[in-house]
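Only heavy atoms go into these numbers, but all of them, side chains included; no hydrogens, no water, no symmetry mates. This one's a predicted model, so the numbers in the text were calculated from it and none came from an experiment. Each chain gets a letter, A, B and so on, in the order the sequences are listed, and its residues count up from 1.
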Protein chains: 2
Amino acid sequence: MTNKPATIKDIAKALNISVSTVSKALHDHPNIGAITKERVKAVAEKLNYSPNITAIQFKQQKTFTLGIIIPTLLDHFYTIAVNGFEKVATAAKYNVLIGQNQESLQREKELVSIMQSNRIDGLLIAISKETNNMEHLRKLEMAGIPVVFFARKPINETFSCVSSDVYHAAANAVDLFVSRGHKKIAFINGPSHWATSRDRFLGYRDGLLKHNIALDKQLIEESDLDTSSNYQVVRRLMHLSPAPTAMLLFKDYLMLDVMSCLRKEFPTEYPAIELIGYGALPLFSHFERPPLASLKEQPYEIGEQAGTLLLNMIQHPERDHKPQLISLPCTLHYFKEL
Amino acid sequence: MTNKPATIKDIAKALNISVSTVSKALHDHPNIGAITKERVKAVAEKLNYSPNITAIQFKQQKTFTLGIIIPTLLDHFYTIAVNGFEKVATAAKYNVLIGQNQESLQREKELVSIMQSNRIDGLLIAISKETNNMEHLRKLEMAGIPVVFFARKPINETFSCVSSDVYHAAANAVDLFVSRGHKKIAFINGPSHWATSRDRFLGYRDGLLKHNIALDKQLIEESDLDTSSNYQVVRRLMHLSPAPTAMLLFKDYLMLDVMSCLRKEFPTEYPAIELIGYGALPLFSHFERPPLASLKEQPYEIGEQAGTLLLNMIQHPERDHKPQLISLPCTLHYFKEL
DNA sequence: TTGTAAGCGTTATCAA
DNA sequence: TTGATAACGCTTACAA
C-alpha cells in the first residue's frame, strides 16, 4: 500500500481545526483545551501519525544529531566509548552518527565535511594518526559546532579533551615492575605528538626516577601502532644487551603484537619477560599465558563525560566554554595472580 | 564569529539573479548559460556556500541515509559487515546510521522507530536474539522503506537475507574431523529459530551421514550464546561417556568460552579435543594454543551485497522485489599446521 | 536562457 | 482558547 505518512494537516482536516492548534495540542501547549488535546491525540494515534523529523530539523535549524569520529570500529576501546557517548546522547534525545577515519587524515576531513553538511550539532573525535593539522575542526568550531576530543589530542592544541590519566597509570606500572625486581624496563610509546603519549612518558620517567633508576634512551621506543612497526621495535629492544626484562606498552593491541613477536622470535627470553599495557582487554582472559597486567581504562565513562561536555556546550552556547582537560583514573588490572 | 551559512538566496542577491537560476547553475542544469554557471559557482565558493541538507531532505522526502542495526559493536563479525555496508552506501552517496539492539527486542523496536522518524531510506538488520515477531519490520516495509536481513533470519519469514553458506561449511568441518579420526563429534548450535542455525545443523547432519556416523542427539546442544549458557553446554557434553573428542561450534565467540571452560574445568581432556568454529577471528593468531580451525565467513562481502540489494530496492521501487536469499561461501581456515 | 512562484511539514507570531 | 499566516532553504513546473 505504501501510504504517505500522515501529517498534522491530515489531523487538522479530520477534526476541522487548524494546523497550529494541532501542533500545539501535540506539544501539550498550555493554552489548548484539554478536550481538544484529547481529540487531537486520539486522531493522531488513529492515523498512525509520526512527526516528520526532516521538516522539524529544517525548521528548527537543528538536527539533534551528534557526530563521533573514531579510528576504527575494530578497536574495542573506541566502540565502548561510542556506547558511553550514545547513552548520554540518547538520554538527551540526540542521535549519533558514527564515522571511522581509518587513521587517514583525508578520510577524516571527508567525514567532518559530510557531518557538517548533515548539520550535526556537535562532534566528538579521536583524531587519526595522521592528523597534524586541526583546520577542519577549527572550521567546525567557527561554524558554531562544538568539538570535543577524546583519547588523542596533539600537545599544544586548545580543544577540550577527555582521556585517561595515563601519567599516574604509567608510574604505577613502573612501581609494580620494580617491586618484582625489574631494572631494565623498556617503554614502547605511541605517536609522540599526542598528549597521551607525552603523559605516558612522563609517568614512566617519574616512576623510574622515584626508584632511582636512570632513564635509558635505548629502552624507549616509539611505534606507529601497526603490526610491522610493532615487531620492529620489539626486535630492536630485544637485541640490546642486556635486553629489557619488562616492557610498558602504549596499549593492549600493541601488546598482542609484542607477545606474538616475542613468542615467535624470542622464545627462550619470552617466559622471563613481563608486560604491562593499557586497556585491559577482556580477551586476555581467554589466554593461557596472559601478560602480567594492564592499566584498565574507562572508555565507557570517557564517552559519557565527553558527551556530557559536548551537550553542555550545545545547550548553553552563550556561556564561554574554556577548553577543559578531563582525565579519568586507570586501575592496575592483574591478569595473573601474583 | 559564528556566521549563518550562506544560502542560494545570498548567492542570488549577490549576482542580482533569481534563486532558481542559482539552483540550476549549481546543479549544472543544461539550460543555464556557461557564463552564468561560472559566476554562480565563483560566488558560491567565495561565500563558502554549502547546501543545507536538512532543506534538501525535507524537500525531496528523501534523506539519503540508510540504517543498519546489529546486535553489538563488540562483535567483529558485525563491525566488519558494517564496513562493507558503508562502502557501498558511501559510493552511492548515502550516509549510514548504526544502531545496536544489544540483543533486546525492545531496544530494537525503539531503534526502528527512531530510524523511521529520521526517515531512513532503507534498513539492514541482524535481529536480536529475542526477536520472534517481525511486526516492527513489516511496518517499515508497509511505509515503503525496504528492509534487508543479514546473518540472522527466522525460518519461514519472507524477507531478503544475505548470510554465509553455513551448510556446506558445516559439512566440510565434519569431513575434516572425520579425516582426523573423530567419531564423537559434538555440535553446539545457536538459537534454533534462525535459518542459520538450522542450516548449520543440516550440514552437520549430512556431513555425518556421508561418513555413516549416526546422529547422536546427546551430542547436539543449543546455547544462548552468553557465557554462562556456553559453559553449561560444554559441561553437559563433557560429562557424557564417552565424551566427544571434537566440537563444531556456532561461532568463534562461543569458541572462546568453550576453550576457557575446557582449559579450566577439563584440563586433562582438553589437549585431545579439537574445535572448529565459525568466523576465523584474527585474534586467534595471537593464541599459543589456537583451536584446530574455523569456518571463515565473509562479513565484509555480506555487508556489501546486502547494501547493494538494499540500494537496488530503494532505487527501483517500481520493480517488484521478491525476497532473495543470498549465501556466501565459507572457507575452512586452519589455525594450526596439520 | 532566465525568472516566478508553489510547495514540502512544522513552528511561532500575532490576531481574533 | 483557537486560527491564519509567514518563515525555514531548496527544487521544479511553468511562464516569460
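- Atom-to-atom, CG of B:L15 to C1' of C:dG3 comes out at 15 Å; the value is rounded to the nearest Å.
- Taking only side-chain atoms of A:T21, from C-beta outward, the nucleotide of C:dC8, D:dG3, D:dC8 with the closest atom is D:dG3.
- The CZ atom of A:R119 sits 12 Å away from the C1' atom of D:dC8 (whole-angstrom rounding).
- B:I56 comes within 4.0 angstrom of the backbone, heavy atoms only, and of no base.
- Contact between A:V88 and A:G307 at its shortest, heavy atoms only, is CG2-CA, 3.7 Å.
- Within 3.5 Å, no donor on the side chain of A:K59 pairs with an acceptor on the base of C:dA12, nor the reverse.
- With C:dT2, C:dG9, C:dA5 as the choices, the nucleotide that has an atom nearest any side-chain atom of B:S20 turns out to be C:dA5.
- Donor-acceptor pairing under 3.5 Å is recorded for the side chains of A:T131 and A:S128.
- Between the C1' atom of C:dT1 and the CD1 atom of B:I35 lies a distance of 9 Å, rounded to the nearest Å.
- For the pair B:R138 and B:F159, the cation sits on the ring face: its NZ or CZ lies under 6.0 Å from the ring centre, inside 45° of the axis.
- Comparing C:dG3, D:dT11, C:dA12 against the side chain of B:S18 picks out C:dG3 as the nearest.
- In this structure, the nucleotide among D:dG9, D:dT2, C:dT11 sitting nearest to the side chain of A:Q61 is D:dG9.
- Between the P atom of D:dT12 and the NE2 atom of B:H29 lies a distance of 8 Å, rounded to the nearest Å.
- For the pair A:I11 CD1 and D:dG3 C1', the interatomic distance rounds to 17 Å; values are reported in whole Å.
- If you measure from atom CG of B:N16 to atom P of C:dT1, you get 21 Å, rounded to the nearest angstrom.
- Checking D:dT2, D:dT12, C:dT10 against every side-chain atom of A:I32, the shortest atom distance belongs to D:dT2.
- A stacking contact links A:F58 to D:dC8: the aromatic ring centre lies within less than 5.5 Å of the base's six-membered ring centre, and the planes differ by less than 30°.
- With D:dT12, C:dT13, C:dT11 as the choices, the nucleotide that has an atom nearest any side-chain atom of A:Q60 turns out to be C:dT11.
- If you check C:dT1, D:dA4, C:dT10 against the side chain of A:T7, the one that comes closest is C:dT10.
- At the heavy-atom level, A:T36 lies under 4.0 Å from the strands shown only through sugar-phosphate atoms.
- On a pure distance criterion of 3.5 Å, a polar donor-acceptor pair joins the side chain of B:K24 and the base of C:dG3.
- Side chains of B:N83 and A:Q100: a donor-acceptor N/O pair is present below 3.5 angstrom, by distance only.
- Atoms CD (A:E38) and C1' (D:dT1) sit 16 Å apart, rounded to a whole Å.
- Rounded to the nearest 0.5 Å, atoms CD1 (A:I120) and CG (A:N95) are 12.5 Å apart.
- Remark: B:K62 is positioned above the aromatic ring of B:F64, its terminal NZ or CZ atom under 6.0 angstrom from the ring centre and at most 45 degrees off the axis.
- Backbone-only engagement by B:N52 is indicated by non-hydrogen atom pairs under 4.0 Å involving sugar-phosphate atoms exclusively.
- Dashed line: the shortest gap from a side-chain N or O of B:S23 to OP1 or OP2 of D:dT11 is under 4.0 Å.
- A salt bridge is defined here as a Lys NZ or Arg NE, NH1 or NH2 lying under 4.0 Å from an Asp or Glu carboxylate O, and A:K46 with A:D10 fails to meet this definition.
- Each of C:dG3, D:dG9, C:dT13 was ranked by its minimum atom distance to the side chain of B:A55; first place goes to D:dG9.
- The C1' atoms of five pairs define one axis at each end of the helix from C:dT1-D:dA16 to C:dA16-D:dT1, and these two axes lie 50° apart (to 10°).
- Protein atom CG of A:L26 is 13 Å distant from nucleotide atom P of C:dA12, rounded to whole Å.
- Among the nucleotides D:dT12, D:dT2, C:dT10, the one closest to the side chain of A:Y49 is C:dT10.
- A salt bridge does not link A:E86 to B:R107: none of the charged side-chain nitrogens sits closer than 4.0 Å to a carboxylate oxygen.
- Judged purely by distance below 3.5 Å, without hydrogens or angles, the side chains of A:Q305 and A:E301 never pair a donor atom with an acceptor atom.
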